[in-house]
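By convention in this document, chain letters (A, B, ...) are assigned in the order of the sequence lines, proteins followed by strands, and residues within each chain are numbered from 1. The model shown is predicted, which means the values in this text are computed figures rather than measured ones.
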Amino acid sequence: MAVRAGKVLPKTFFRREALVVAQDLLGKNLCRRMPDGSIVRAPLTEVEAYIGPEDKACHASKGKTSRTAVMYEPGGVFYVYLCYGVHWLLNIVTDGPGHPAAVLVRGVGQTFGPGRVTKALAVDKSMNALPAVRTSGLWLEDSGVELSEAQIERTPRIGIDYAGEYWAKQPFRLLIKDTA
DNA sequence: GGAGTGATGACA
DNA sequence: GTCATCACTCCA
C-alpha cells in the first residue's frame, strides 16, 4: 500500500523563517522519483534549522561562497553538499532572497541520519540548486497530517560544537516523538 | 573509541 | 599550488 499522493507544497511555504518551515515540514512527505522511475514518498521525521548568517552553525555564516550561494536563493530550492568526503546531505533552502537559511533533512520515515536519507533516496550533487517541484524528481507534498506541539520534540543540533556554546545549544533540531 | 573520505575555503 | 576543516557512518 503506497503512501497517498498529496498537494505539492508551494514556494511560498518555504519563504518563511527556517525554524517555522522546519516545524511545518515535520510529517510532510518528501517525494523522490528514483532513477528507475519508481516514486518514493516518505514523511519527514527529523529536521534541523539553520536560520541565517547570524547562526554560526550555518554554512553561510562566513559569507557567500560558491558552495553556499544557493542558500541565498529564495526558499524552495535544494542545497546538497558532500560531507566528510563520503555523505551527501540534503537541505531545503528557506526564507527570502538574500537571507541564507536552510532546513537539513536528518530523517524520513524509519530512516534516520542525513547521510542515510540521501543514500536511500539516491540524492546527490545533481540535485543541488534544483527547485522543489515534481519535474526536478525531488519535491514535497502535504500529507494532510496535522502535528500537535505535543508530538514534536526539540533538541540541540548534532555535530556543530565548533559553532560555539550559544549556537550549539539552540534547540533547532526537531523530530516527531515516537508514537509507536 | 577511531578511521575513512574528498570537496571546500583559506592562505601563499 | 598546499593545508586544515568538516551539519557523518561504519566497524572494532
* Which distance, rounded to the nearest 0.5 Å, do you find between the CG of A:Leu44 and the CG of A:Leu174? -> 11.0 Å

* Structure fact -> Quick tally for nucleotides 6-12 of chain B: nucleotides whose base has a protein heavy atom under 4.0 Å get B, sugar-phosphate-only ones S, the rest -, giving BSSS---

* So does A:Glu54 have more than 12 non-hydrogen atoms from other groups sitting under 6.0 Å from CD? -> yes

* Strictly below 4.0 Å, heavy-atom distances to any atom of DNA chain C: list the hits from residues 50-60 of chain A, or just say none. => A:Tyr50, A:Ala57, A:His59

* Any donor-acceptor N/O pair, A:Ser136 side chain to A:Pro131 backbone, under 3.5 Å -> yes

* side chain to side chain contact (heavy atoms under 4.5 Å, CB included) evaluation trace for A:Thr94 with A:Val20 -> CA-CA 10 Å; A:Thr94 72; A:Val20 175; over 6 Å; no

* Nearest non-hydrogen partners of A:Gly27 and A:Val145, listed with the distance -> O-CB, 4.5 Å

* Asked: Across the strands shown, which category fits A:Arg157 at heavy-atom distances under 4.0 angstrom: base, sugar-phosphate, nothing?
  -> nothing

* Look at all strands and tell whether A:Leu104 reaches a base, only sugar-phosphate, or nothing, counting heavy atoms closer than 4.0 Å. => base

* **A:Leu90 vs A:Lys119, nearer the 5' end of DNA chain C by closest nucleotide** => A:Leu90

* Sequence neighbours excluded, which residues qualify as side-chain contact (heavy atoms from CB on, under 4.5 Å) partners of A:Ser126? -> A:Asp124

* Asked: Which heavy-atom pair separates A:Ala101 from A:Asp95 by the least distance, and what is that distance?
  -> CB-CB, 4.2 Å

* Is any side-chain N of the basic residue among A:Glu149 and A:Arg154 closer than 4.0 Å to the acidic one's carboxylate O? -> yes

* **Polar contact flag, side-chain donor to acceptor under 3.5 angstrom, A:Gln151-A:Glu146** => no

* Minimum heavy-atom distance A:Ser143-A:Asn29, with the two atoms named -> CB-ND2, 3.6 Å

* Structure fact -> So the contacted stretch of DNA chain C, first to last nucleotide with an atom under 4.0 Å from a non-hydrogen atom of chain A, runs from C:dC6 to C:dC10

* How close do A:Ile160 and A:Ala57 get, heavy atom to heavy atom, and via which atoms? -> CD1-CB, 3.6 Å

* Heavy-atom count around A:Gln170 CD within 6.0 Å, excluding the residue itself: above 12? -> yes

* Could you spell out the base pairing of DNA chain B in dot-bracket, with Watson-Crick or G-U pairs whose two distances are under 3.5 Å, [ ] crossing and | to another strand? -> ||||.||||||.

* ring-ring contact (aromatic ring centres under 6.0 Å, His included) pairs, two or more places apart, involving residues 10-42 of chain A -> none

